[in-house]
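Everything below concerns the one structure shown next.
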Amino acid sequence: MAERIGSRRGSADAGKVGVVFLTQDITDVSTIKRVREFLDNGLPVLVLGFERARYNSGYRPPWPHVLLGRTVDGKYAHRLQALAGALRVIFRNRARLTDATVLYARNIDQLLLALVMKWFISRKAELVYEVLDIQPMFVAHGLRSLALRLVERLCLTQVKLLVLSSPGFHRHYYAPTQKFRGPWLLVENKLPRPGLPERPSPLPASPAPASTGTRPVMPPDRPWVIGYFGLIRGSRRWT
């Protein structure tokens with residue numbers, strides 16, 4: 001990823017901001033993961049993002065960031081008001097954004113903010129649009145869904161790279177519906193291999209008692225428990 005979106009890395013290493021990452025929630029685990037990937041690849045990052053009242057709402061990242069306001073899941077009218085407030089914050093911080101080389105926007109809200117930044121502040125920056133999930137509103141029928149698709153399609157004309165978490169998003173939506181013909185990159189929403197613990201060795205059928213008094217992490221006779229962890233918006237998603 002660093003090679004694709006950091007082609008102008010030399011200027012970023014010269015003391016400029018590099019990647020400006022616009023996100024819907026600075027405390028979100030996927031946001032933290034993505035920023036760490038940028039930093040691990042030597043890309044200076046400034047995070048511009050909102051916060052939401054979630055389990056880790058008190059978290060404040062250690063990297064440079066600017067809080068744009070607060071938003072609420074599913075409250076689209078409230079999010080429009082939040083975007084207006086975010087523009088004021090962005091223009092107050094425009095001196096830090098002028099030399100950005102990449103504007104990396106996650107979801108349509110942030111893409112709109114990134115476009116305004118590109119037009120008026122970060123004129124030389126390239127625009128990257130990341131989509132982790134396609135919300136039902138974008139594929140539904142009705143005038144509101146049609147308007148959302150139209151806005152996204154117009155924004156996509158300015159996008160230099162589309163980052164998707166599933167190839168099906170491109171195959172079934174962005175190629176046939178949004179007519180996107182630009183380059184796209186698959187970044188699946190998985191744990192990075194270096195961050196995974198080593199796979200434990202299988203236990204013998206009748207292990208000898210340990211002299212240290214320690215117990216195995218997963219006893220062989222213990223049943224597996226599978227849990228569902230994530231955002232459940234309704235009964236349809238659960239079933």
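For the single chain, residues carry numbers from 1 onward in sequence order.
Put simply, the side chain of Gln178 gets close to the backbone of Arg149: a donor and an acceptor are under 3.5 Å apart. Side-chain atoms of Arg123 come within 3.5 Å of backbone atoms of Trp119 as a donor-acceptor pair (strictly under, hydrogens ignored). Under the 3.5 Å distance criterion, the side-chain polar atoms of Asn107 are matched with a main-chain donor or acceptor of Asp109. Distance alone, capped at 3.5 Å, places no donor-acceptor pair between the Asp133 side chain and the Gln135 backbone.
Using a cut-off of 4.0 Å between Lys/Arg side-chain N and Asp/Glu carboxylate O, Arg34 and Glu130 are scored as salt-bridged.
Residues Lys160 and Tyr129 fail the side-chain proximity criterion, which asks for heavy atoms closer than 4.5 Å. Contact check for Arg106 versus Ser30: side-chain heavy atoms found under the 4.5 Å cut-off. Inter-residue side-chain proximity for Val35 and Phe21 is flagged as met; some heavy-atom pair is nearer than 4.5 Å. Contact of the Arg60 side chain with the His65 side chain is registered, since non-hydrogen atoms from C-beta on lie closer than 4.5 Å. In this structure, Leu162 and Val131 have side chains that are in contact, with non-hydrogen atoms separated by less than 4.5 Å.
When each of Leu103, Val20, Val66 is paired with Leu97, the side chain to side chain contact (heavy atoms under 4.5 Å, CB included) condition holds for Val20 and for no other.
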query: Hey, mind stepping through Tyr104 and Glu126 against side-chain hydrogen bond (donor to acceptor under 3.5 Å, both in side chains) and telling me if it holds?
result: CA-CA 8 Å; Tyr104 192 104; Glu126 295 181 349; over 6 Å; no
message: With side-chain hydrogen bond (donor to acceptor under 3.5 Å, both in side chains) as the criterion, how do Arg153 and Thr177 come out once you've worked through the C-alpha distance, each side chain's angles and the decisive distance to 0.1 Å?
response: CA-CA 9 Å; Arg153 186 181 301 181; Thr177 301; over 6 Å; no
message: Apply side chain to side chain contact (heavy atoms under 4.5 Å, CB included) to residues Leu127 and Leu111 and explain how you reach the verdict.
response: CA-CA 8 Å; Leu127 195 58; Leu111 182 58; 3.7 Å; yes
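Evaluation of the side chain to side chain contact (heavy atoms under 4.5 Å, CB included) rule for Arg36 yields Ile32, Trp63 as partners, not counting sequence neighbours. Qualifying side-chain hydrogen bond (donor to acceptor under 3.5 Å, both in side chains) partners for Thr23, counting only residues two or more places apart in sequence or in other chains: Thr31.
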